[in-house]
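Written out below as structure tokens is the structure these notes cover.
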Number of protein chains: 2
Amino acid sequence: MPEPSNRPLGERTNFLLSQLGFHTASRFTERLVGLGIQPNHFGLLMHLAQGEGRTQQQLAEALGIHRKVMVGLLDDLEQRGLAERRRHPADRRAHAIHLTEAARTLLPEAVAVADAEEEELLTGLDGDERRQLLALLQRVAEHSGHPRGVHPGMRGKIAMPGA
Amino acid sequence: MPEPSNRPLGERTNFLLSQLGFHTASRFTERLVGLGIQPNHFGLLMHLAQGEGRTQQQLAEALGIHRKVMVGLLDDLEQRGLAERRRHPADRRAHAIHLTEAARTLLPEAVAVADAEEEELLTGLDGDERRQLLALLQRVAEHSGHPRGVHPGMRGKIAMPGA
DNA sequence: GAGAAATTGTCCTGTACGGTAACAATCACT
DNA sequence: AGTGATTGTTACCGTACAGGACAATTTCTC
């Protein structure tokens, strides 16, 4: 076994990733409050935007969460007027999930919030450095074995300090 | 307001940071189970290692958490035989927190776990790329305004999928 | 086709956790 | 000496998550 290194936490890539990831997520959560949704709602909406009519089960599987959680998420979205459960044309047990017009209006705003968050986070890096960082993170993410664009924190709301 | 970009989540730096940060933290949590502690315990131990005898209040302040949480953390550590509350020499209300010998044995093992986690995470990047990534993350962290080496997730255990 | 097994969405229950308020003991200031 | 502030702790409450159970339907098996 290699002997443990003496680096402080602030010089460890894994610690920095966790720290910054938590920081961004919290910030994003705060900024989304104005739109009346949470990050996991945003993730679900994004997923729905690229393919409607799927069942709750399919959605849950794609996002790596349990069906039960999807029930709650869709309850939220439906009450918020952003999604609707229609009858599934082929399976009368299942629901076909669709976005509403309101969702199509809100989604770009949420994306703009994400853009603003990213911009604020990356202040201090120039264009080249941003591209470098993005590319490196993509390589690491690729190797981590996670499905692309699926956030492991979807199983549960992201903790928001001081809220 | 700039128009929202159409990039998928997997091409957004903030999303990748959050995704990877969550991933590493979960992995670290899992790996730490063998040592009988959690990441927030680890953070506290690391902090204690570079200065014992402080009061719970001082520790809580340094780590950005509430006194009440520190009570629970120290209860855990004390029960685990890793820290002890001694009488404070100057203030009879306060406790002076010290590490035990067991902690001094365990801490390097925990650091080794962190090292192993980092190594696994960064497989796929060569030495130069690792240095680049670390430097970029440090710059971003510097600008984020967080105290160095303090994890915002200390206020609460990091969620561990599937546990 | 008829019955058995699996699937979908939902609900209920227990459990754990975070945050607020309150408390006794002690210190600091006047 | 007395009043207010500080330290550590406990009790309380509301929320969130995992597990199992459930009716309605589909799919498989014979």
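From a predicted model like this one, the values you see are computed outputs, not experimental measurements. Every chain is numbered from 1, with letters handed out A, B, ... down the list of sequences.
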Heavy-atom nearest nucleotide on DNA chain D for Gln57(B) versus Lys68(B): which residue maps closer to 5'?
Gln57(B)
Can you give me every donor-acceptor pair (side chain of residues 59-75 of chain A, partner residue at least two apart or in another chain, under 3.5 Å) with its distance?
from     : atom 1 : to       : atom 2 : distance (Å)
His66(A) : ND1    : Lys68(A) : N      : 3.2
Asp75(A) : OD1    : Arg85(A) : NH2    : 2.1

Run the side chain to side chain donor-acceptor pair (under 3.5 Å) test against Arg31(A) and tell me which residues pass, sequence neighbours left out.
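Counting only residues at least two positions away or on another chain, Arg31(A) forms a side chain to side chain donor-acceptor pair (under 3.5 Å) with Glu120(A).
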Enumerate all atom pairs, one protein N or O and one N or O from nucleotides 22-28 of chain D, separated by less than 3.5 Å.
from    : atom 1 : to       : atom 2 : distance (Å)
dT26(D) : OP1    : Arg92(A) : N      : 3.1

Tell me the interatomic distance from [X], atom [atom1], to [N], atom [atom2], rounded to whole angstroms.
X        : N       : atom1 : atom2 : value
His95(B) : dT26(C) : NE2   : C1'   : 12 Å
His66(B) : dC17(C) : NE2   : C1'   : 15 Å
Ile65(B) : dT7(D)  : CD1   : P     : 15 Å
Asp75(B) : dC17(C) : CG    : C1'   : 15 Å
Gln58(B) : dG8(D)  : CD    : P     : 8 Å
Arg85(B) : dA25(C) : CZ    : P     : 18 Å

Within residues 117-148 of chain B or reaching into it, pairs that qualify as ring pair (Phe, Tyr, Trp, His ring centres under 6.0 Å) - sequence neighbours excluded
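Every ring pair (Phe, Tyr, Trp, His ring centres under 6.0 Å) pair that includes a residue of residues 117-148 of chain B, provided the two are not neighbours, is His23(A)-His146(B).
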[X]: what forms a salt bridge (charged side-chain N to carboxylate O under 4.0 Å, His left out) with it, not counting sequence neighbours?
X         : value
Arg86(A)  : Glu84(A)
Glu109(B) : none
Asp126(B) : none
Glu117(B) : none

So does Glu101(B) pair up with Arg104(B), basic N to acidic O under 4.0 Å?
yes
Where along residues 43-56 of chain A does a heavy atom fall under 4.0 Å from DNA chain C?
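The stretch gives Thr55(A), Gln56(A) as the residues lying under 4.0 Å from the strand, ordered by number.
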For His88(B), which contact category applies under a 4.0 Å heavy-atom criterion: base, sugar-phosphate, or nothing?
nothing
